[in-house]
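Report on the structure given below.
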Amino acid sequence: MGLESFLGDSIITTSLDEIVKWGRKNSLWPMPFGTACCAIEYMSTVSSVFDVSRFGAELVRFSPRQADLLIVAGTITYKQAPILKRIYAQMPEPKWVISMGACASSGGFYDNYCTVQGIDQLVPVDAYIAGCPPRPEAVIDAIIKIQEMIDGQGTELTHDRSKRAKIYIGDDSEMMKKAEA
Amino acid sequence: MSTQAIEIILVVSIAAIIPAVILLLSGFLGKKTNDLIKLSSYESGLDKVIGTAKERFSIKFYLIAILFILFDVETIFMFPWAVNFKTLGLNGFIEMIVFIVILLAGFVYVIKKGALKWD
Amino acid sequence: MAHTPIKPQELEKEFYKDLHTDLLFLNLGPSHPASHGTLRTFCALDGETIKASVLEIGYLHRGFEKTIEKKTYNQVIPYTDRLNYVSSIMNNVGFSKAVEKMLGIQITDRCIFIRVILSELMRVADHLVCIGANLVDIGALTNFWYLYNQRETIYTILEKLTGARLTNSFTRIGGLYRDLYPGFEGDIKFALKEIEKAIMDVTKLIKKNKIFLERTQDVCAVSKEDAISFGFTGPCLRASGVEYDIRKAHPYYYYDQFDFDIPVGQVGDTYDRMFVRFEEMYQSISLIRQYMKKLPGGPINTDDKRAAMPDKSNTYNNIEGLINHFKLVFEGVEVPAGEIYDSTEVANGELGFYIVSDGSGTPYKVKVRPPCFYIFSAFSDMIEGRMIADAVATLGSLNIIAGELDR
Amino acid sequence: MQDIKKESITIAKIKRFFPESILEVNLADNDDCIIIKKEANVEVLSFLKTDADLLFDGLMDVTCVDYLKHPIKRKERFEVVYQLYSYSKRHKIRIKCPVSVKDTTIKSVSHLWKSANWGERETYDMYGITFVGHENLKRLLTHHEFIGHPLRKDYPTKKRQELSANDSLFDQMDVLLKKKGLK
C-alpha cells in the first residue's frame, strides 16, 4: 500500500466499482407507478412522517427517462399491463423494480378475469413487499434491500440483466418489420 | 499573460470540464439497451403517438418569447451600471434612466398593440 | 373596383385568417403525475388550449362485483374498503347500512354513534388528501406536507382502533369489529385540534395568494343544470349551488338531531369546490365533537340472532349458541330474497348500494353507485376550450378515486 | 303515514298515464320500484323527468341484473334498472325493464340525462345490453379486445383475457372533431 502512505490520511483510494455502487445506492430515483390504495400508502412513505429521503429515494420522478427504481404500487389490470411493460422498457439501465403490495405481487384478493396475478409475468421484479397496503416502514425496508442488492452486484451485472429483460418485453423483430414497412 | 487573464481562462476551463466529465462518465458506465420500445417516445405509457413534434402552433408563443428576450437583454445591460453605480455618478444615472424610458415606451406600445393578449 | 382601404384592425384579421394551426394530439395518459395513476384524457390541443378531449377509464377495473358474488356479506366488507380507499370506513358503513336495512335489523345506539364519528373523521381525512393533492397539482407543495401530516394523526387513531391505517374493515353486518379503546376521547380531541390548526395554516396561506386565486377562480365552472344532469353529488354539486346532502335530505343515524350546516358555492368552479371541502371539514369536526359528547354506553353489536354472533359463553355452553355461531360463520348472514337501493353521504357524494339477494349467505348482485364515476364523465365537457393547466387543476378538485371509479 | 302518501304520487301518476305498460309495482320503505315493459322505457322516463309533480332530474344509476341462477324464476333473464332521484322534490323511484336474452336491446335514454351516457356504456360492457340510439356505445371498464360480458352469470370468474395494445381512442376523437368542425 505504497500509494496511500505516500498521500497521507486526507485522501482515500477506492475502486471505480465502489464509487459507482455508492452513487447508485444512495440516489435511487423512484418512479411511483401508483394505481390503487398502495399509492396512498406510498404518499405516506414520501411525506415527512416516514420520510424516505433519509435513504436518498425521495426525489419522485414521473417520467421513466429519469427514474431508476420502478415502484409498482397497486393493482395492475390487463388494461394496464401493456403500459407497465412499456414504462419498464423505457427506463434507462440500471433499473430495479419493487412490487409493492399483495395486488402487485400476486393479484391479491382479486382473483378474477381482469387482474394480472402478479407483475412478475410482465416485468422482472427485484423486491416484493407483502401487505395490503404494506406499512411505510415495509416500503423503506424494500428500498434498503434494493440498496443491499446494489452493493452485492458488480456494475457489469447490468449486461445480463438487460438480456433477461428481453424475454419479458418480447423480441421486437415484428416491431422492426412494422417500423421498416 | 497578465494574472487576471490566466484566472479567467482557469475558471472557464474548469467550468467546461466538470459538466463534460459528469455527462460523459455516465455514458461509459451505464449499460445501454437500445431496443425499439426503449427509443420510442414516452407518451404516458401508450404506444401510438399521433403527429410529430413539428406541428404548426399559434404565433403568439413566438411573440411572447421574442418580447421576453428583448426585455431580458435590457436588464442585462443594467447589471454593469448597477455594479459601479457610485463611480458613474449622476450622469450615469440619467443615461440609464433615458435607456429605461425608451424601452418603457416600447413596452407600452406592445401592450397597446395587444401582443400580450393571450386568447 | 374601388379598392376599399383595410382599416388597421382588420389588417390583422386578414393576416391571421389563412394562418391556420394544426391540432396537436396529446395523452394526459394513465401514467402521468396529474392523472392520479389510472385516468386517461386524450386531448386535441391548439397550442395550449384543449379543443376536444376523450376520456378513458377502466385501468383499475378489478372486478369488484364479480369477485364478491361468491363471498358472504361479512366477507364483502374488506372489498368495500378498497372502493374509495382514501376514506374506507365510509364505504363499510354504507354497505352494512344497506344490508341491515334489507334484513330489518335495528343496530344499537352506541354502534350508530361510533359509525358516525368514524365516518366524519374519514370525511375530514378524505378532504385533507383531496385538497393536499390538488394544491400539489397547482404547485403549492408546502400545503401538502401540512395537510398530510394531519392525516397521519388520523392514521395513528385508526391504527390503535382498527389495527390498519388505510383499509380498516371496521363494521360488520349488525355491529362493529370492536368497541372504542379507553383513551379514544383524548386522542380525538388532540387530533381535531391539530387538524383545525393545519386547516387554519393552509387557508391563511392560500386565501389571499394571487397565483392560487388566478389559477382556481372561474376555472371549469359547472352550471347547476349540467351538474344535476350529469348526476353530480357531494361537494362538486354543492359547489355549483345545489343544496343537496343526504344527511339533511334523508337523515339517517340521528343526523337530524345534531346541528350542522351545508356549505354551498355559487359558481361551481375549482375555487368553490375546494372551499366547500374546507368548510365541510369544519362542519365534520364540530359534528364529531357533538357526537362525542352524547356517546351512549351499552353494547355495540345487535342482539338479533340473524346477524350477530352469540357471545362466547353461549357458544360453548349450549347447542343453540354453537349452531348459531357455526351457521353464521359458514353460511354467513342470510338475507331474505329481495332487493334494495340505499345510499349514504360519503366524502365524494352519494355512495349507493343496489343489492339483490337470493336468500343465501352470499349476495346475488351488489351494484355500487360511485359518486366520482358520474363526476368524471363530465370532465371532457368541463375542460373544453381551457388550457392544460386548468384541466390539471380541475382534475384534482374533482377528487377522482380510481378504486371507486372503475370498481 | 306521510311518507307512503308522497311516494304514491309517482306511482299513481304512472298508473294513470301508463296503465298498460306497468307489469308490477312493489312498495318498500322509501325504496319503491316499478317494473315496466322495455318498449315503454323512454316514454315513462321522459314523463318522470318532465312532469311538474315528479321532476326526476337526476338519474342516479343505470345497471342490469342477470337472473339466470336466481332461485325465484322470472319470465326474462335480464332486467335493466334505472335508479332515479329528484333533487327538488327529494323523492326517488326505481324503474326496471325486463329484457329477454334472445333480444338484448333497449332504447337509450342518454338524450334525457347526461349521466346515462356512461351508465349505459358500463351496462353494455358488463352485461351486453345494447342501448339503441346511444351515440358512443363502446366498452368502458374492460379493455377493447375483451370478448364476452364478464358480469353475466355464465361467464367464469377466472377466465382472463390479455390485451396486446391499448386503444388509441382515435375513432372517438374523429367523431368528436367532426362534430366540432375542427377536422
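The sequence lines fix the lettering, A, B, ..., with proteins before strands; numbering per chain opens at 1. Keep in mind that what you see is a predicted model, and the values were worked out from it rather than measured.
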Heavy-atom donor-acceptor pair, A:N112 side chain to C:G63 backbone, under 3.5 Å: yes

Expected output: side-chain C:K66 to main-chain A:C114 donor-acceptor under 3.5 Å: no

Relative to chain A, which segment of [X] carries a heavy atom at a distance below 4.5 Å: side chain, backbone, both, or neither?
X      : value
C:E404 : neither
C:Q75  : neither
C:L141 : neither

Mind ranking [options] by heavy-atom pairs under 4.5 Å with chain A and telling me who comes out on top?
options                      : result
C:T67, C:D81, C:L60          : C:L60
C:F64, C:F144, C:Y79, C:W145 : C:Y79
C:L166, C:V129, C:V86, C:I68 : C:L166

Which atoms of [X] approach chain C - backbone, side chain, both or neither, heavy atom under 4.5 Å:
X     : result
A:M31 : side chain
A:A36 : both
A:I40 : both

Close contacts, residues 130-143 of chain A versus chain C, judged by heavy atoms under 4.5 Å: A:C132, A:P133, A:R135, A:P136

Contacts of residues 50-71 of chain A with chain C (heavy atom under 4.5 Å): A:F50, A:F62

Gap separating the OH atom of C:Y59 from the CD1 atom of A:I83, nearest 0.5 angstrom: 4.0 Å

Between OH on residue C:Y148 and OG on residue A:S48, distance to nearest 0.5 Å: 10.0 Å

Any side-chain heavy atom of [X] within less than 4.5 Å of one from [Y]?
X     : Y      : answer
C:S31 : A:R86  : no
A:E41 : C:Y155 : yes
A:S47 : C:E152 : yes

Is it the case that over 12 heavy atoms from other parts of the model lie below 6.0 angstrom from the [atom1] atom of [X]?
X      : atom1 : value
C:F330 : CZ    : no
C:Y146 : OH    : no
A:I12  : CD1   : no

Flag for C:R62-A:T75: side-chain donor and acceptor within less than 3.5 Å: yes

Residue selection (most heavy-atom pairs with chain C, distance under 4.5 Å) from A:D111, A:T115, A:V49: A:V49

Verdict with supporting geometry, A:Y113 and C:H61, side-chain hydrogen bond (donor to acceptor under 3.5 Å, both in side chains): CA-CA 10 Å; A:Y113 57 93; C:H61 172 57; 2.7 Å; yes

